[in-house]
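Here the structure is a predicted model, which means the values were calculated and not measured. Order of the sequence lines sets the chain letters (A, B, ...), proteins ahead of strands, with each chain counted from 1.
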2 protein chains.
Amino acid sequence: MSSGPRVLVIDDEIQIRRFLRISLEANHYEVYEVGNGLEGISRAAQLRPDLIILDMGLPDIDGLEVLRRLREWTTTPTIILSVRDADEDKVAALDSGADDYLTKPFSLEELMARMRVAQRHAQPGPQPTVFTCGNVSIDLAHRQVTKNGEQVRLTPTEYALLRQLVQHAGRVLTHKQILKEVWGPEYMEETHYLRVYFAQLRQKLEDDPSLPGLILTEPGVGYRLATD
Amino acid sequence: MSSGPRVLVIDDEIQIRRFLRISLEANHYEVYEVGNGLEGISRAAQLRPDLIILDMGLPDIDGLEVLRRLREWTTTPTIILSVRDADEDKVAALDSGADDYLTKPFSLEELMARMRVAQRHAQPGPQPTVFTCGNVSIDLAHRQVTKNGEQVRLTPTEYALLRQLVQHAGRVLTHKQILKEVWGPEYMEETHYLRVYFAQLRQKLEDDPSLPGLILTEPGVGYRLATD
DNA sequence: TCTAATCTTGATACTTTCTTAATGCCTTCC
DNA sequence: GGAAGGCATTAAGAAAGTATCAAGATTAGA
């Protein structure tokens, strides 16, 4: 199972690892596992997982130490598993940067609920994906296009076309590539659509539509978006 | 005593409130307390605390309901206290937006450690409670909508729809997004509902419903709330 | 139970967008 | 220089999407 959130499990008990692998994969997580702390740290650096589940009792180095070493360079949400239920252990782990602390034995339902909470916390602000070129800016996350600060109205097709260009800004997109992505594979020969829609886009976005500075034609090949 | 993080305690047991007040104040928190859910919601809106500690068992409305009502307008870190230790209670609370869940009796040390975690997660910068655009203002915390200072009566569905727009003010919400959030995922194709309800909202909120200045249509895509 | 409010559904007029075609420009090649 | 092909521009009918009204069904409250 793949394409879900990536979880790194650091635990020396093979039964726990097995249990978590099976259970989490059944719930569409992509699970990676290691059996000791040092390996855990290097795997975390290599994999860049979305979530870490860390056992406190590891054979090589203390789980708390693993957590501290992780927190030196990453804020990846980390949930602690431990057999110890004492306050001072919990406090130490939470204050060392853990996002949650569960005592073994734990229920899978609760663990997964707390994993969802951790993931909620992980993505606070939507990172801006704004493409800017000259006086035109395109915000794919908000579906907003502005020229000189004023909003520009684009039809669904015009926007889909522009998005295609932005996603490959700077590169030349062939006629067929664009037609396939925006209109669908059965429209690959309808090159006149491109003419009409690029003219409309230029009308709305270019300072002087007859002298394009943003949407550039590559004769005989396709079109390209200028990168500043 | 003051100037520390502001904590709102919502719990009907006076001994718990007393215990928390004394303990937390000794640790430089500024503590406010209420004994029921409805008062808790309004105090939260008024105080804008940095943290909320919420008991599940309240005399007036269910703690879960309080949490949901809070999450309609604020992301203030909220820690749940409960006598119930069952998985389904924990999962329900955590999935309804709680940041942590502690079972009574709990240790003060652990609670405070978890409060510190919650505060770490808190996004800096308070979000405004009241959305205003032109002569219309929408107060999500108090579920009140006014036009030119006069209260506007909205049906439950109308309000849910408007809330959805306010929570993403300025952004385009697609038809499907709105239908899924307001009516549920099984209504994702019922675009006709949007037409009817947006017409009703405009009738009640716009100066000239035929020339919308607040609720804007993005043809072929969805709707958007004007920002100022 | 009855009443009033709200939700759901259908009909119709209207607006925007898509598709298609016609025309003219420019560059390239003979 | 002239012809040919690729490109830009405009416009009009077709199609899709949107606004509005109103009546029947359902639900909630007295």
Whether [Y] and [X] form a salt bridge (side-chain N of Lys/Arg under 4.0 Å from carboxylate O of Asp/Glu) is what I want to check.
| X | Y | value |
| --- | --- | --- |
| B:Arg18 | B:Glu13 | no |
| B:Arg71 | B:Asp99 | yes |
| B:Glu39 | B:Arg43 | no |
| A:Glu218 | A:Arg171 | no |
| A:Asp85 | A:Lys90 | yes |
| B:Arg114 | B:Glu110 | yes |

Exercise. Please work out which residues in residues 183-198 of chain A have a non-hydrogen atom less than 4.0 Å from an atom of DNA chain D and list them by number.
Key: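 The stretch gives A:Arg195, A:Val196 as the residues lying under 4.0 Å from the strand, ordered by number.
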Exercise. Would you jot down, in residue-number order, the residues of residues 199-215 of chain B having a non-hydrogen atom under 4.0 Å from DNA chain D?
Key: B:Arg202, B:Pro209, B:Ser210
Quiz item: Who pairs with B:Ser82 by side chain to side chain donor-acceptor pair (under 3.5 Å), at least two apart in sequence or on another chain?
Solution: B:Tyr101
Self-check item: Ring centroid separation B:Trp183 to B:Tyr197 under 6.0 Å
Solution: yes
Quiz prompt | Nucleotide D:dA19, atom P - distance to CG of B:Leu216 in whole Å | solution = 11 Å
Quiz item: What is the bend of the helix from C:dT1-D:dA30 to C:dC30-D:dG1 when you compare the axis at one end with the axis at the other, using five pairs each and rounding to 10°?
Solution: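 Axis-to-axis angle, ends of the helix: 30°.
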Quiz item: Does a sphere of radius 6.0 Å around CD1 in A:Ile22 hold more than 12 heavy atoms from other residues, nucleotides or ligands, not counting ones at 6.0 Å or beyond?
Solution: yes
Practice problem: Taking the side chain as every heavy atom from C-beta outward, state whether B:Thr191 and B:Leu179 have any pair of such atoms under 4.5 Å apart. | Solution: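 Yes. Closest side-chain heavy atoms under 4.5 Å.
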Quiz item: Is it true that a side-chain atom of B:Thr74 and a backbone atom of B:Thr76 form a donor plus acceptor pair closer than 3.5 Å?
Solution: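 Side chain of B:Thr74 to backbone of B:Thr76, a donor-acceptor pair under 3.5 Å: yes, one is there.
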Is a side-chain donor-acceptor pair under 3.5 Å present for [Y] with [X]?
| X | Y | value |
| --- | --- | --- |
| A:Thr75 | B:Arg120 | no |
| B:Thr155 | B:Thr157 | no |
| B:Tyr187 | B:Glu189 | no |

Exercise. Find which nucleotide of DNA chain D each of B:Gly220 and A:Pro219 is nearest to by heavy atoms, and output the residue with the more 5' nucleotide.
Key: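 On the 5' side of the pair lies A:Pro219.
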Self-check item: Nearest-neighbour nucleotide for the A:Tyr223 side chain, D:dC7, D:dA8, D:dT18 considered
Solution: D:dA8
Exercise. Scan residues 151-165 of chain B against DNA chain C and write down, sorted by residue number, each residue with any heavy atom closer than 4.0 Å; if none is found, say none.
Key: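 By residue number: B:Arg153, B:Thr155, B:Pro156, B:Thr157.
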Quiz item: What string of B, S and - do you get for nucleotides 25-30 of chain C, 5' to 3', when a contact is any protein heavy atom under 4.0 Å?
Solution: ------
Self-check item: NZ or CZ of A:Arg143 within 45° of A:Tyr159 ring axis and under 6.0 Å
Solution: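 Verdict for A:Tyr159: a cation-pi partner in A:Arg143.
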